[in-house]
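In this chain, residues are counted from 1 in sequence order.
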Amino acid sequence: MSPAICCNGVQFANIQAVIFDKDGTLAQVDTFLGQLGQLRCQQLVRLIPDIQTSVLDSFGLTHDAGSVHSSTYSIDPAGLLAVGSRFENVVAIAAHVAATGRGWLEALDIVETAFFNADQALPLKAPLTPPVPGARELLAQLKAAQLKLGLLSSDTQTHVESFAETHQLASYFSCLQGVSQAFPVKTHPQFLAQACRTLQVDPTKVLVIGDSAADQSIAAHTAGFIGVTGGWSRSFEIIPTVPFLKPQIAATSLHQITVKA
């Protein structure tokens, strides 16, 4: 019989595979994303001076009034920058650019260029996004229990692989999957199905662990969902966007998830 996975009094039995989200679940990313969002905004403001407030608001970046640094912003864990793929970020911000009178194709080009320039101004992402406390220990427990593990993310395939390799986590996973041209958003109906095919498991034997309503939505046809919120500096609650009938549980730390033989 497959091991059970327990969290805060809830037990998920007969699990064959566990699929994790990356940013905010296994990786600490709020500092990096805050810097990235500010750089993207700065690049856009050079061309469109009056767009700063709307862009920062859309990203989910809020000025941190408690910081001694005037340029410090905190990030909304449920906001566009934290949850959305690059594709979704480009489209959302292009809508603001188009609202200033630019044509749609011009708006897309402006945003793509701004995002590219911001990327070039930052160091590599993976070294700046270390594993959250308890991540390595939990992965080791699950692997020792002979469970298959997958890492699914709204990030690019390159960034997903780089995170796993940089922090010596790649050996735990049988599936590393980011968004692609075929699946530009995580909530694409076939995104999770593709991962299950790679892992060679039925979705009903899969437990999803993530930090957002998007992660919760892809778990709709799986064994259940554990929402972990401790990977962010700002406390928050995962609010489902659609009715969710599968077993689910909230946790503030990966330390609250255990394996029962």
What is the minimum heavy-atom distance between [X] and [Y], and which atoms define it?
{"X": "Ala223", "Y": "Ile15", "answer": "CB-CD1, 3.5 Å"}
{"X": "Pro77", "Y": "Ala82", "answer": "O-CB, 3.5 Å"}
{"X": "Asn8", "Y": "Ala251", "answer": "ND2-CA, 4.0 Å"}
{"X": "Leu80", "Y": "Ala92", "answer": "CD2-CB, 3.6 Å"}
{"X": "Trp232", "Y": "Asp23", "answer": "CZ2-O, 4.2 Å"}
{"X": "Gly37", "Y": "Leu81", "answer": "CA-CD2, 3.7 Å"}

Residue pair Thr204 / His221, side-chain donor-acceptor N/O under 3.5 Å
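Their side chains do not contain a donor-acceptor pair, so the 3.5 Å distance test is not met.
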Is any side-chain heavy atom of [X] closer than 4.5 Å to a side-chain heavy atom of [Y]?
{"X": "Leu151", "Y": "Cys175", "value": "no"}
{"X": "Phe59", "Y": "Arg40", "value": "yes"}
{"X": "Thr198", "Y": "Gln194", "value": "yes"}
{"X": "Thr229", "Y": "Glu237", "value": "no"}
{"X": "Asp21", "Y": "Leu152", "value": "no"}
{"X": "Ile226", "Y": "Phe12", "value": "yes"}
{"X": "Arg86", "Y": "Val179", "value": "no"}
{"X": "Gln28", "Y": "Pro133", "value": "yes"}

Would you confirm whether [X], through its side chain, and [Y], through its main-chain N or O, come within 3.5 Å as a donor-acceptor pair?
{"X": "Thr25", "Y": "Asp211", "value": "yes"}
{"X": "Gln157", "Y": "Gly178", "value": "yes"}
{"X": "Gln256", "Y": "Ser253", "value": "yes"}
{"X": "Asn117", "Y": "Ala114", "value": "no"}
{"X": "Gln43", "Y": "Ala118", "value": "no"}
{"X": "Glu165", "Y": "Ser162", "value": "no"}
{"X": "Asp76", "Y": "Leu61", "value": "no"}
{"X": "Gln177", "Y": "Phe191", "value": "yes"}
{"X": "Lys148", "Y": "Leu199", "value": "yes"}
{"X": "Gln168", "Y": "Thr166", "value": "yes"}

Tell me whether Gln190 at atom CD has more than 12 heavy atoms from other residues, nucleotides or ligands lying less than 6.0 Å away.
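Atom CD in Gln190 is packed in, count exceeds 12.
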For the CZ atom on Phe87, are there more than 12 heavy atoms of other groups (residues, nucleotides or ligands in this structure) within a distance under 6.0 Å?
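Counting neighbours around CZ of Phe87, 12 or fewer heavy atoms of other residues, nucleotides or ligands fall under 6.0 Å, so no.
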Which value, rounded to the nearest 0.5 Å, describes the distance between [X] atom [atom1] and [Y] atom [atom2]?
{"X": "Leu192", "Y": "Lys186", "atom1": "CG", "atom2": "NZ", "value": "10.0 Å"}
{"X": "Cys6", "Y": "Lys260", "atom1": "SG", "atom2": "NZ", "value": "6.0 Å"}
{"X": "Cys7", "Y": "Ile209", "atom1": "SG", "atom2": "CD1", "value": "8.0 Å"}

I'd like to know if [Y] and [X] are part of one continuous hydrophobic network [Ile/Leu/Val/Met/Phe/Trp/Tyr, side-chain heavy atoms within less than 4.5 Å].
{"X": "Ile238", "Y": "Val185", "answer": "yes"}
{"X": "Phe32", "Y": "Phe116", "answer": "no"}
{"X": "Phe115", "Y": "Trp104", "answer": "yes"}
{"X": "Val83", "Y": "Leu33", "answer": "no"}
{"X": "Leu124", "Y": "Leu26", "answer": "no"}

Any ion pair linking Asp30 and Arg234 (charged N to carboxylate O, less than 4.0 Å)?
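Asp30 and Arg234: not salt-bridged.
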Presence of salt bridge, Lys125 and Asp119, under 4.0 angstrom:
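Between Lys125 and Asp119 there is no salt bridge, as every charged N stays at least 4.0 Å from the carboxylate O atoms.
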Would you please test Leu128 and Thr31 for side chain to side chain contact (heavy atoms under 4.5 Å, CB included) and show each step?
CA-CA 8 Å; Leu128 300 179; Thr31 299; over 6 Å; no
Please lay out, stage by stage, how Ile110 and Leu44 fare under the test side chain to side chain contact (heavy atoms under 4.5 Å, CB included).
CA-CA 8 Å; Ile110 288 172; Leu44 288 165; 3.9 Å; yes
Taking the six-membered ring for Trp, are Phe20 and Phe173 parallel (under 30°), tilted (30 to 60°) or perpendicular (over 60°)?
perpendicular
For the pair Arg102 and Ile48, evaluate side chain to side chain contact (heavy atoms under 4.5 Å, CB included) and give the outcome as yes or no after the intermediate values.
CA-CA 10 Å; Arg102 274 73 173 178; Ile48 311 169; 3.8 Å; yes
Apply side-chain hydrogen bond (donor to acceptor under 3.5 Å, both in side chains) to residues Ser58 and His96 and explain how you reach the verdict.
CA-CA 9 Å; Ser58 292; His96 290 290; 2.5 Å; yes
Does the pair Ile5 and Ile257 meet the rule for a side chain to side chain contact (heavy atoms under 4.5 Å, CB included), with working shown?
CA-CA 7 Å; Ile5 299 172; Ile257 303 172; 3.7 Å; yes
Among Leu56, Ile51, Asp57, which residue meets the side-chain contact (heavy atoms from CB on, under 4.5 Å) test with Ser54?
Ile51
Mind checking whether His167 and Phe163 have ring centres under 6.0 Å apart?
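Aromatic pair counts; centres sit under 6.0 Å.
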